[in-house]
Every structure is written in C-alpha cells, then in structure tokens.
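To find a chain, count down the sequence lines: A is the first, B the second, and so on, and within it residues start at 1. Side chains are part of it too, since the values below use all heavy atoms of this structure and drop only hydrogens, waters and symmetry mates. Quantities reported herein were computed from a predicted structural model and do not represent experimental measurements.
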Number of protein chains: 2
Amino acid sequence: MTEPGPPALLRTLVSWQTGRVSTLGARLTAARMPLEARSDFAVLAALQEYGELSQAELGRRLGLDRNNVNGIVTRLENNGHVERRVDPADRRRNIVDATDAGLRYLDDLNARALDVQDELLIALDPGERQQLQALLEKVLASHPAQPA
Amino acid sequence: MTEPGPPALLRTLVSWQTGRVSTLGARLTAARMPLEARSDFAVLAALQEYGELSQAELGRRLGLDRNNVNGIVTRLENNGHVERRVDPADRRRNIVDATDAGLRYLDDLNARALDVQDELLIALDPGERQQLQALLEKVLASHPAQPA
DNA sequence: TCAGATACGTTGGTTCCACCAACATTGGTA
DNA sequence: TACCAATGTTGGTGGAACCAACGTATCTGA
C-alpha cells in the first residue's frame with residue numbers, strides 16, 4: 001500500500017512543518033469558534049497581562065502590524081470587549097483597555113484554546129509538550145518581533 | 001525598561017507559536033524568492049520523491065485541497081516545470097510529472113529553503129533542531145492530512 | 001444492465017492574515 | 001522654527017485555506 005505521507009524534503013523542513021501544524025490548529029479552532037477570535041484572544045491576553053496599551057505597543061508585543069491592530073481593536077470595541085480613548089499625555093496614541101466583558105470573553109477563549117491545544121498535541125506526552133513549547137519559544141526569542 | 005514580549009497566555013500556546021514561527025519562515029523566504037515558490041517547492045518535492053502523481057494525490061500527500069493544487073500545477077506547467085496529461089487508464093485523472101527544468105528548479109528552491117532553515121533556527125544547536133523536527137513530525141503524523 | 005453514488009478536475013468566490021503605500025495629526029529635536 | 005519620527009487611519013495586494021457547484025468519468029449494487 002502506498003504511504004500517503006509528505007515527501008522527505010518537506011517532512012524535515014521546520015518552516016514547512018510549523019505551517020502545517022499552524023493550519024491544523026486553525027482547523028481545530030474553527031470547529032469551536034469563529035476564526036477571527038484568534039486575533040481577539042491575542043489582543044485581550046496582552047491587555048490582561050500588561051494592562052492598558054497603545055495600539056502600536058500591542059502590535060510590537062504581538063508581532064502584528066499596526067494596520068491589523070486597528071481592525072482588531074475596532075471589532076473588540078464594537079463588541080464591548082475593549083475601550084479606546086486618546087492618551088492625554090500623547091494625543092497621537094490611543095489607549096486600549098479591556099472591559100470586564102472583554103476579560104470574561106478572554107477566559108472563554110482561553111478555555112477553548114487549551115482544548116484545541118490538547119487535541120492538537122494528542123500524540124505528545126506532557127514532557128514532550130513542554131519540550132516542544134520550549135524549543136519554539138527559543139526560536140521566537142532569537143528573532144525580533146518586527147512589525148509596529 | 002519594558003520587556004516587549006508576548007503575553008504568557010500566547011507564549012505557552014503551541015498553536016500560536018507555530019503560527020509565528022511559520023510567519024517568520026515566510027518572511028525569511030520572501031527575502032530570497034517570490035513567496036508563491038513555496039507551493040511550487042512542495043509539489044515538485046512530492047513529484048521528485050514519488051514520481052508522477054494525479055492532482056488529487058498531490059493534494060492528499062501535501063495536505064492541500066484540490067482547488068489550490070490546480071492553480072499551482074497550472075503555474076508550474078506555464079513555466080515549463082511540470083507536464084500534465086490525462087491518465088489513459090482513468091480519464092478523470094490528470095497525471096502530473098516534473099520536467100528536467102522542474103527538477104533543476106527544485107534543487108535551487110531546496111538550497112534556498114535550507115538557508116532559510118539555518119537562519120530561522122539560528123538559536124538551536126544541531127541536537128535541538130533534530131528534536132524540534134522530530135516533535136513536529138510526531139504531531140503531524142497523528143493527524144490525518146484531510147483535504148483532497 | 002443500468003441507475004445512483006463517488007471521484008476528479010475546474011471555475012468562481014469568501015475569509016483571514018501579512019504586508020505595502022499614503023496621509024494627517026502630534027510630538028520630539030536640531 | 002524647521003525638520004524628522006511616531007501614531008492612527010484608510011485603502012489596497014497577494015497567498016493560502018476554505019466552500020459551492022458543475023461536467024465528466026468511473027465504480028457499485030440492485
């Protein structure tokens with residue numbers, strides 16, 4: 001029987017592998033929530049951990065560029081998950097802060113994200129999951145998160 | 001000074017990490033070749049390793065759906081990297097095969113892909129790279145490559 | 001045998017995301 | 001003061017994963 005696996009040139013290419021795993025994650029995510037919720041999750045997680053931030057700073061911390069941050073924040077604002085106001089100390093900036101509803105929304109999204117994670121990594125034992133996460137973190141830490 | 005790192009909720013989420021690493025890989029790739037070459041690379045790698053395949057089988061082995069395979073094969077055909085003919089044994093199928101020029105193109109793309117890989121994984125020693133690759137492979141192997 | 005289900009390729013369209021370009025406003029600096 | 005940099009905003013491009021529908025060809029089972 002023909003093994004329908006990917007060719008070796010791809011199987012050994014981390015940049016290809018991560019793309020596939022990421023797509024798998026998106027697919028599992030889509031089964032539980034609208035796909036756009038992933039951006040919401042990232043922004044709300046940053047606001048929860050760091051408190052209020054400007055849009056540009058959100059972009060820098062999350063690796064998103066400021067064009068996209070704008071759209072995400074607008075969506076969150078329309079849904080009451082976030083408040084946006086001009087920074088009186090620097091009127092170029094918009095200060096973004098999570099609302100209570102936003103934090104509840106975050107908790108919900110986080111629970112679903114952990115479910116996805118479990119399903120995605122079903123083949124790995126806890127030690128391997130920890131290893132994988134640490135290696136990916138190391139890779140990311142070595143590259144500046146460029147966009148602003 | 002404020003550490004501009006991503007929040008812990010994301011840093012520990014493999015599905016988010018892989019997305020970021022994949023984006024980094026795409027960025028490094030884009031610096032060396034047109035982005036669309038990544039699809040070309042995948043298809044040509046499969047043809048080199050397995051020989052001629054139908055479009056549907058290409059999709060199954062690579063995890064692409066047949067709509068996108070069609071576009072990629074058309075592009076490769078227009079550039080003389082691939083030949084496409086109807087399977088006489090099953091006239092529903094198109095048999096796709098790499099040309100000599102296509103295989104040379106593949107070698108070129110592969111060399112660049114390995115350069116990208118080196119730059120992407122600069123923070124990992126050879127043992128860690130091997131570990132990361134093996135863990136990702138294990139994750140992928142546990143999930144059926146769905147599209148056709 | 002033949003009628004229905006299935007597989008394949010193709011076209012056309014949607015959504016998400018990364019990215020680029022340009023602009024007005026505001027703040028910092030030489 | 002004159003210049004430059006940062007910010008938010010709008011509008012647009014391209015890649016990739018999807019979904020829907022269609023015609024053609026093959027297979028299956030009644």
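Interface remark: the A:Asn67 side chain does form a donor-acceptor pair with the C:dA21 base, using a distance-only criterion of under 3.5 Å.
Distances shorter than 4.0 Å separate some side-chain N or O of B:Ser39 from OP1 or OP2 on D:dA16. A sub-4.0 Å separation between OP1 or OP2 of D:dT9 and a side-chain N or O of A:Gln55 is present. Applying the 4.0 Å criterion to OP1 and OP2 of D:dT7, one finds that A:Arg60 has a side-chain N or O inside that range. Considering only side-chain N and O atoms, B:Asn68 lies nowhere under 4.0 angstrom from the phosphate OP1 or OP2 of D:dA16.
If you measure from atom CG of B:Leu64 to atom P of D:dC18, you get 10 Å, rounded to the nearest angstrom. Taking atom CG on B:Leu62 and atom C1' on D:dG15, their separation rounds to 16 Å, with Å as the unit. When the C1' atom of D:dT13 is taken as reference, atom CG of B:Leu35 falls 12 Å away, rounded to whole Å. Regarding B:Asp65, its CG atom lies at a distance of 17 Å from the P atom of C:dT15, rounded to whole Å. Atom CE in B:Met33 sits roughly 15 Å away from atom C1' in D:dG15 (whole-Å rounding). Between A:Leu24 atom CG and D:dA16 atom P the separation is 17 Å, expressed in whole Å. Atom CZ of B:Arg27 and atom C1' of C:dC20 are 13 Å apart (whole Å). Atom P of nucleotide D:dC22 and atom CG of B:Asn70 are separated by 18 Å, given to the nearest angstrom.
When the side chain to side chain donor-acceptor pair (under 3.5 Å) test is applied to A:Gln133, the partners found at least two apart in sequence or on another chain are A:Glu137. The ring pair (Phe, Tyr, Trp, His ring centres under 6.0 Å) check on B:His143 picks up nothing, with sequence neighbours excluded.
B:Leu124 and B:Glu128 make their closest contact through CA-OE1, 3.3 Å (heavy atoms, listed as atom of the first residue, atom of the second, distance). Contact between B:Leu44 and B:Ala98 at its shortest, heavy atoms only, is CD2-CB, 4.2 Å.
Listed by residue number, A:Arg84, A:Arg92, A:Arg93, A:Asn94 are the residues of residues 81-98 of chain A with a heavy-atom contact under 4.0 Å to DNA chain D.
A salt bridge between B:Glu52 and B:Arg85 is present, with a side-chain N of the basic residue lying under 4.0 Å from a carboxylate O of the acidic one.
In this structure, B:Ser54 and A:Glu36 both approach DNA chain C, and ranking their closest nucleotides by distance from the 5' end singles out B:Ser54.
Listed candidates were C:dC17, C:dG9, C:dA18. Nearest to the side chain of A:Arg38 is C:dC17.
Only one option out of B:Leu76, B:Leu103, B:Leu58 pairs with B:Leu47 in a side-chain contact (heavy atoms from CB on, under 4.5 Å); it is B:Leu58.
With 3.5 Å as the limit, one finds no donor-acceptor pair spanning the side chains of A:Arg38 and B:Ser15.
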